[in-house]
Amino acid sequence: MGLLSRKATCNSHGQDSSYFLGWQEYERNPYDEVENPQGIIQMGLAENQLSFDLLESWLAKNPDAASFRRDGQSIFKELALFQDYHGLPAFKNALVDFMSEIRGNKVKFDPSHVVLTAGATSANETLMFCLAEQGDAFLLPTPYYPGFDRDLKWRTGVEIVPIQCTSSNRFQITAAALEEAYQEAQRKNLRVKGVLVTNPSNPLGTTMTRDELDLLVNFITDKEIHLISDEIYSGTVFSSPAFVSIMEVLKDRNLGKTEVWERVHIVYSLSKDLGLPGFRVGAIYSNDPIVVAAATKMSSFGLVSSQTQYLLSAMLSDKKFTKEYIAKNHKRLQKQRSKLVAGLGKAGIGCLESNAGLFCWVDMRHLLSSDTFEAEMELWKRIVYDVKLNISPGSSCHCSEPGWFRVCFANMPEDTLKLAMQRLKSFVGSIAVNDRSHQELKNSRRKFRTKWVFRLSFQSFHDREQDER
Amino acid sequence: MAAMSKIATGNGHGENSPYFDGWKAYETDPFHPIDRPDGVIQMGLAENQLCFDFIKKWLIKHPEASVCTAQGVNRFKEMALFQDYHGMPEFRRAVAKFMGKVRGDRVKFDPDRIVMSGGATGAHETVAFCLADPGEAFLVPTPYYPGFDRDLKWRTGVELVPVHCESSNNFKITRDALEAAYVKAQEANLRVKGLLITNPSNPLGTILDRDTLKNVVGFINEKNIHLIGDEIYAATVFMEPEFVSISEIIEEDDVECNRDLIHIVYSLSKDMGFPGFRVGIVYSYNDAVVSCARKMSSFGLVSSQTQHLIASMLSDDDFVDDFIAESKNLLFKRHKYFTRSLSQVGIGSLKSNAGLFIWMDLRKLLREKTFEAEMELWRVIINEVKLNVSPGSSFHCHEPGWFRVCFANMDDNTMAVALSRIRTFMLKNNEAMVPPRKLCRLSSLKLSLSRRMDDLMSPSILSPHSPLPQSPLVRARN
């Protein structure tokens, strides 16, 4: 048998992580209000399903954009042939306007600095290929999106070194944590090429404070490294404090046209803000023309379908629509989040105060049998199999403290959220009463556990050990 | 200042090749029949523009193929959310069926082996990532598509070792050439992981015959290396001999083959003329490769909006059957017109039956048999004849004097203009042979006249090697 590459045979794609295994379990037994009311409710998927009616009504009012026409004329041929990696100019113009609008028009973006990519997945990988060699490292604050392990490391050979953040200060980035991460990289003989932050944060749902952003700018200036700000959730900031983009901070500090200006890059996508993950619309925004040039060429490996570019250029150029969409979307996200928080509260569960994102960072430390990740896994399995909710354990996000879970709220109607909260309440109630019989339950369940489930708890331990080494 | 990576700052993107220089010349001065009648005509872009009217008719009849129209919007939300890297089942089924039909239904493709990618560009890179580690190599017969230098090597660190093919036997891939390349790789301390063939060939426009295919399969099995068949031009085979796919060869009784070594790269960019929609496919007979490529497809999934459109279109059996026939017919006609007109002015090309281009033989126009002379001639063609064609050296051709010239990416009028420019150029080249009086008449000829001349073509077509091309213009006057 012909040998495959190392990349093909290792598991750096990260798919053995519990994050993905929970998905698999959901797929085996998905909740459906009518067909499968006892099924697992998907709360592990950060999707925005609350505002499709707004998109659909726009489509109804704009039949040309919907069917390859412009001013009544067919442009099908033009679009079918358009494969210029510079992207459709009308789309890039509309996109930067939209990005500005999301930031309260406090910053303006230049369309010639934009590189379109097949989703943020591709944007992040492309930036790694541009900024780092195999074996170099990027620092990432924990907890972070599990997909980064694949997107940043798998085919690029780049390493991730965590910047440990803790609940003691609401998981904010500190100067000490930054420095410690940098030293850790040095100890491992890894050359640090930059820091990558997600702002607003996934999985925390919080926006970074100006102090944190200033800290980052100082740090990357001092170390002469890059900063990537993944702002994929920038349009989901539904309550104060208002979103502060890294570009705004650079502008306010008069750092335009300085060296550090060219070392800051933004990643964006329409998957979360507009709820269109299927359309694969990602973007890199960089102030360094060499990065833009290199990334543009690399985008050949994952261009955005011209059909999609055209549709969205029409949609995002409609300023009346974008204004209305942004406002209504925020309201709905805020409302749904409140319902989740209230429901959790009724179950005696708290969460990190958050003002953005499509999820909450939920505190279930008090439900752990011990302050360990093994206990977290035990609890998670029960929530998936017994409570029938797929949520994401903090360990899959590389959180340094056990007991935290990411719970999504924007990918379901209100009724389903209500049901999920009821199930959770019953579960929590039953823990208190049946503490002893839970131990028996655990023992009998063990007989039914399949091999991969055992591997699951071992795996996340194993992964973490590698990070800590 | 934090440096960027070597990949980003080096030349691995391959865009400094002359293949792209011609594009740049075109972009600064593009031909337009009204606005820029003296602009450069693009003949360096292998696009299939002949079937759009046919496709548009289908689209008008099927508004539900778009998830954004009133007829299709009931599926909008589902599509907008669909990011499963397995791809839509309807999409995979439709593509598998289309691939089968293109091969005359002589072979069936399994929808579960269909993996998406960001165009064939993404597919090639993904396959390289799956099969080879940095520093390992693939063998590629020359001449080959310049984009491979970027797609297979740039970010993967994989090397390409050429398998030299010669005009003396019409650039056939011989067992000797394969062995020689393999040895050369070993001497350079490169571990060969696979052989990449493009069939039908870009830039040759020819297909591999059964014997060659069997030879190739025999070779890779013996060496235990992978075979990647880029069949992106499969539906552009417009005349005999019939296309034979790798997928057919491995089914033959007398062929011994380890299927874990067989992989196909496909796309809708050439066969359907949809490069903008980025529909690339990796089809592997190796389960581990399917699984790995599928995970990697996250970096270049096909937009679900596009998956839905393609699924609707390619599920329509009548449309597909008619399209395949119509496309072949239009390509055949255009190819015939083009090659005949060229031979009338003494220009020959490799006999071909597929692709969107011809492999033009301009060796006799070279000042000397060198690549420098080829580049000189190429600059003349771009700057004086005002045609962007692609020099053979950019395809790593072993012999100077060959050019790839595309014919399917323009309308009839533009084709006629291009041909008249070629005629003018060829006549000027043979100025000494043609009396000056007739030269004046030549310059005042209109397009329609040159079209009529083709109709008046006598059966005694000039030999491409004739040193004294008798001007058809002169003939028409008589």
Side-chain angles (χ1 to χ4, degrees), chain A residues 1-8 13 15 47 49 52 55-56 59-60 63 65-68 74 76-77 79-83 118-119 121-122 125 129-133 150 155 193-194 224-226 259 263 275-280 290-291 294 297-298 300-308 311, chain B residues 1-2 4-9 13 15 47 49 52 55-56 59 63 66 68-70 73 76-77 79-83 118-119 121-122 125 129-133 150 155 193 224-226 258 260-261 269 273-278 288-289 292 295-296 298-306 309:
Chain A
M1 148 127 172
L3 278 177
L4 303 186
S5 65
R6 283 192 286 269
K7 286 178 185 67
H13 49 70
Q15 277 200 209
E47 276 176 357
Q49 293 196 28
F52 274 110
L55 298 173
E56 284 159 4
L59 288 172
S67 44
F68 299 109
S74 169
F76 177 77
K77 174 175 158 175
L79 287 176
L81 292 171
F82 186 84
Q83 58 172 329
T121 299
S122 179
E125 191 196 43
F129 273 123
C130 287
L131 305 179
E133 307 293 351
R150 169 197 61 195
R155 307 190 307 180
K193 290 312 288 286
E224 292 183 79
I225 58 179
H226 296 277
E259 267 188 30
R263 277 190 269 114
L276 304 173
F279 289 2
R280 315 313 303 146
I290 306 179
V291 171
K297 294 178 176 75
M298 287 190 190
S300 296
F301 300 110
L303 297 173
V304 178
S305 171
S306 57
Q307 182 190 14
T308 302
L311 172 75
Chain B
M1 163 98 156
M4 286 171 58
S5 66
K6 291 198 269 281
I7 287 176
T9 49
H13 49 71
E15 285 192 23
E47 276 177 354
Q49 292 196 24
F52 281 115
I55 294 170
K56 266 154 47 175
L59 285 172
S66 163
C68 306
T69 56
V73 79
F76 175 76
K77 177 173 160 177
M79 290 301 107
L81 290 170
F82 188 86
Q83 57 172 330
T121 301
E125 193 195 43
F129 269 128
C130 287
L131 303 183
D133 288 320
R150 169 196 60 193
R155 306 191 305 180
K193 288 311 284 290
N224 199 28
I225 61 176
H226 295 277
N258 175 1
D260 278 341
L261 299 174
S269 300
F274 293 164
F277 294 166
R278 314 316 300 151
V289 172
C292 182
K295 293 182 177 71
M296 288 187 179
S298 296
F299 299 110
L301 295 173
V302 176
S303 168
S304 56
Q305 185 190 11
T306 300
L309 172 73

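Remember, it's a predicted structure, so these values are computed and weren't measured experimentally. Per chain, numbering begins at 1; letters A, B, ... match sequence-line order.
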Pair count under 4.5 Å, heavy atoms only, with chain A: among B:Ser66, B:Cys68, B:Ser269, highest is B:Cys68
If one checks every heavy atom of B:Phe52 against chain A at 4.5 Å, the contacting part turns out to be side chain
Applying a strict 4.5 Å limit to non-hydrogen atoms, the region of B:Lys56 in contact with chain A is side chain
If one checks every heavy atom of B:Ala70 against chain A at 4.5 Å, the contacting part turns out to be neither
So, the part of A:Ser74 with a heavy atom under 4.5 Å from chain B: the answer is side chain
Greatest number of non-hydrogen atom pairs under 4.5 angstrom with chain B, of A:Glu125, A:Gln49, A:Glu56, falls to A:Glu125
If you tally heavy-atom pairs under 4.5 Å between each of B:Pro63, B:Pro275, B:Gly119, B:Ala8 and chain A, the highest tally belongs to B:Pro275
From the list A:Pro63, A:Ala294, A:Cys130, A:Ser67, the residue making the most non-hydrogen contacts under 4.5 Å with chain B is A:Cys130
Note: vs chain A, highest number of non-hydrogen pairs under 4.5 angstrom among B:Gly273, B:Cys130, B:Gly276 is B:Gly276
In terms of heavy-atom pairs under 4.5 Å with chain B, the winner among A:Arg280, A:Met298, A:Arg155 is A:Arg155
**Message:** Measuring centre to centre across the rings, with the benzene-like ring taken for any Trp, is A:Phe301 within less than 6.0 Å of A:Phe129?
**Reply:** no
When the 4.5 angstrom heavy-atom criterion is applied to B:Glu47 and chain A, the contacting part is side chain
